[in-house]
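I have placed the structure first, in the form of structure tokens, so that the comments after it can refer back to it.
Just so we're clear, the structure is a prediction, and the values are computed from it rather than from any experiment. Throughout, protein chains are lettered first and strands after them, A, B, ... in sequence-line order, and every chain is numbered starting at 1.
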2 protein chains.
Amino acid sequence: MATRERRPERRQEPLSRERIVGAAVELLDTAGERGLTFRALAERLATGPGAIYWHVTGKAELLAAATDAVIAPAVAPADAEATPEQAIRTLALGIFDALDTHPWVGPQLTLTERHSPLLRVFEGIGRQVQALGVPESARFTAASALMSYILGVAGQNAAGSRSVPPGTDRAAHLGAVADSWAELDPGHYPFTREVAGQLRVHDDEAEFLAGVDLILGGIAAGLR
Amino acid sequence: MATRERRPERRQEPLSRERIVGAAVELLDTAGERGLTFRALAERLATGPGAIYWHVTGKAELLAAATDAVIAPAVAPADAEATPEQAIRTLALGIFDALDTHPWVGPQLTLTERHSPLLRVFEGIGRQVQALGVPESARFTAASALMSYILGVAGQNAAGSRSVPPGTDRAAHLGAVADSWAELDPGHYPFTREVAGQLRVHDDEAEFLAGVDLILGGIAAGLR
DNA sequence: ACCTGAACACCGTTCAAGT
DNA sequence: ACCTGAACACCGTTCAAGT
């Protein structure tokens with residue numbers, strides 16, 4: 001009577017690099033960085049841990065591939081209609097969102113890595129910096145500053161959500177931090193106390209874009 | 001004849017949280033993040049791994065303590081003579097240097113951690129932002145942007161030097177990356193190719209400060 | 001109160017053996 | 001060519017036992 005239940009739920013596709021990376025991203029998203037295990041991955045793919053090594057050299061490459069899979073779609077080509085400023089905001093927001101949904105990516109990103117997925121981002125920002133009319137000698141600095149800022153925010157956001165049990169309410173967490181800021185010693189932390197309220201109500205994305213605009217303002221000021 | 005050689009080289013100080021954290025920092029600096037092991041640490045301290053747990057709850061706290069030990073001295077109180085801009089540059093440079101000598105700190109830093117060593121940095125920046133004459137409603141944004149930028153650069157630098165065998169010549173590594181940039185497909189990466197030369201010769205610290213000045217310029221522009 | 005070090009429950013990675 | 005899964009050399013952490 002239970003004999004027929006053994007049939008697999010769905011036909012087993014062959015193992016492939018693509019499936020492995022996809023499963024790795026899922027695992028990282030749901031279980032966090034510590035959740036990505038060759039054993040857990042193997043179980044999800046209904047195979048043994050050794051099989052994965054046929055398609056991927058090791059954990060480092062797996063993480064790099066997962067990072068790439070998540071960043072690449074975030075970098076859409078610029079809308080031809082957009083102003084350089086708008087194009088930069090769109091690009092920045094793309095990475096911001098990607099790192100927001102996948103908090104584990106942040107630490108993986110390095111621009112100096114030889115085939116970094118950030119190269120596309122840097123290129124995109126650089127072109128718009130050029131379109132803004134920044135002279136050649138100042139372009140590298142301007143593009144780097146924008147990149148660094150974006151990665152800094154994303155990294156902080158990611159670190160913040162990593163330090164919290166996955167699925168915790170973001171607003172609640174922010175509120176708790178704001179509370180602790182409001183309770184700081186006024187003698188040592190007058191400024192931080194003062195802005196605790198702004199931390200509590202602030203909109204991550206709007207705050208992020210305000211920072212981008214601050215840098216764009218500095219770039220524009222340099223052109224005058 | 002060999003009997004007397006067994007005397008310990010130096011008198012063994014008692015184990016303490018301070019000694020443990022100090023040894024952890026040394027281990028992290030010399031052997032990298034993967035080098036920090038309870039066994040390696042125990043060996044350095046001439047004890048068993050279990051002994052460490054009497055003074056420290058676990059690896060997470062150990063890393064946090066090591067991070068704090070490295071960041072705290074980098075945040076000196078502002079020179080009373082300095083302009084707000086200068087004070088911000090000094091502060092920024094302090095963290096930059098700390099993260100540069102200790103590349104493993106970057107990923108540990110989160111502002112939203114309840115007792116983050118970054119709180120002091122944020123407070124310091126915030127005060128100077130206030131001194132610049134930024135209106136209250138814009139201070140949080142300005143201070144956050146500066147913080148994020150600083151952490152972004154530091155994180156990138158750290159990630160860069162982490163991806164390289166410890167002790168490798170920095171200039172050589174930068175040169176190699178610049179070479180690979182210069183060889184990029186001109187159709188897809190015209191901007192990055194163009195600035196490859198600037199990456200090769202650029203001065204990390206000067207570039208970093210130029211970015212700080214860009215944000216300060218944006219803040220100043222907002223005041224006009 | 002503080003330290004010891006064996007033991008437990010994990011890891012990433014390898015590899016002989018299978019198909 | 002691709003997969004299996006036991007085995008190896010590690011981890012962080014615990015804990016009975018010592019001083």
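Applying the salt bridge (Lys or Arg N to Asp or Glu O under 4.0 Å) test to pairs two or more places apart or on separate chains, those with a residue in residues 119-130 of chain A are A/Glu123-A/Arg127. Annotation: salt bridge (Lys or Arg N to Asp or Glu O under 4.0 Å) contacts involving residues 95-104 of chain B, sequence neighbours excluded, comprise B/Asp100-B/Arg170. Pairs passing the salt bridge (Lys or Arg N to Asp or Glu O under 4.0 Å) check and including a residue from residues 186-195 of chain B, sequence neighbours excluded, read A/Arg139-B/Glu194.
With sequence neighbours excluded, the residues that form a ring-ring contact (aromatic ring centres under 6.0 Å, His included) with A/Phe96 are A/Phe208. B/Ala158 meets the side-chain contact (heavy atoms from CB on, under 4.5 Å) test with B/Pro103, B/Arg162; sequence neighbours excluded. With sequence neighbours excluded, the residues satisfying ring-ring contact (aromatic ring centres under 6.0 Å, His included) with B/Phe122 are A/Trp181, A/Phe191.
Residue B/Arg17 contributes atom CZ, which lies 14 Å from atom P of C/dC3 at whole-angstrom precision.
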TODO: Using a 4.0 Å cut-off on protein heavy atoms (strictly under), produce a 5'-to-3' string for nucleotides 7-19 of chain C with B for base contact, S for backbone-only sugar-phosphate contact, and - for none.
DONE: B---BBBBB----
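Between B/Trp54 and the phosphate of C/dC2, there is a side-chain N or O to OP1/OP2 separation shorter than 4.0 Å.
A/Thr112 and B/Gln156 share no side-chain donor-acceptor pair at under 3.5 Å.
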Please tabulate, for the side chains in residues 50-58 of chain A, all donor-acceptor contacts under 3.5 angstrom to protein atoms that are two or more places apart in sequence or on a different chain.
unit_1  : atom_1 : unit_2  : atom_2 : d
A/Thr57 : OG1    : A/Glu61 : OE1    : 2.5

Open item on the list: Just to be sure I follow the notation: if a pair is Watson-Crick (purine N1 to pyrimidine N3 plus N6-O4 or O6-N4) or a G-U wobble (N1-O2 and O6-N3), each under 3.5 Å, what dot-bracket string does DNA chain C give, with | for pairs to another strand?
Closed with: ||.|||||...|||||.||
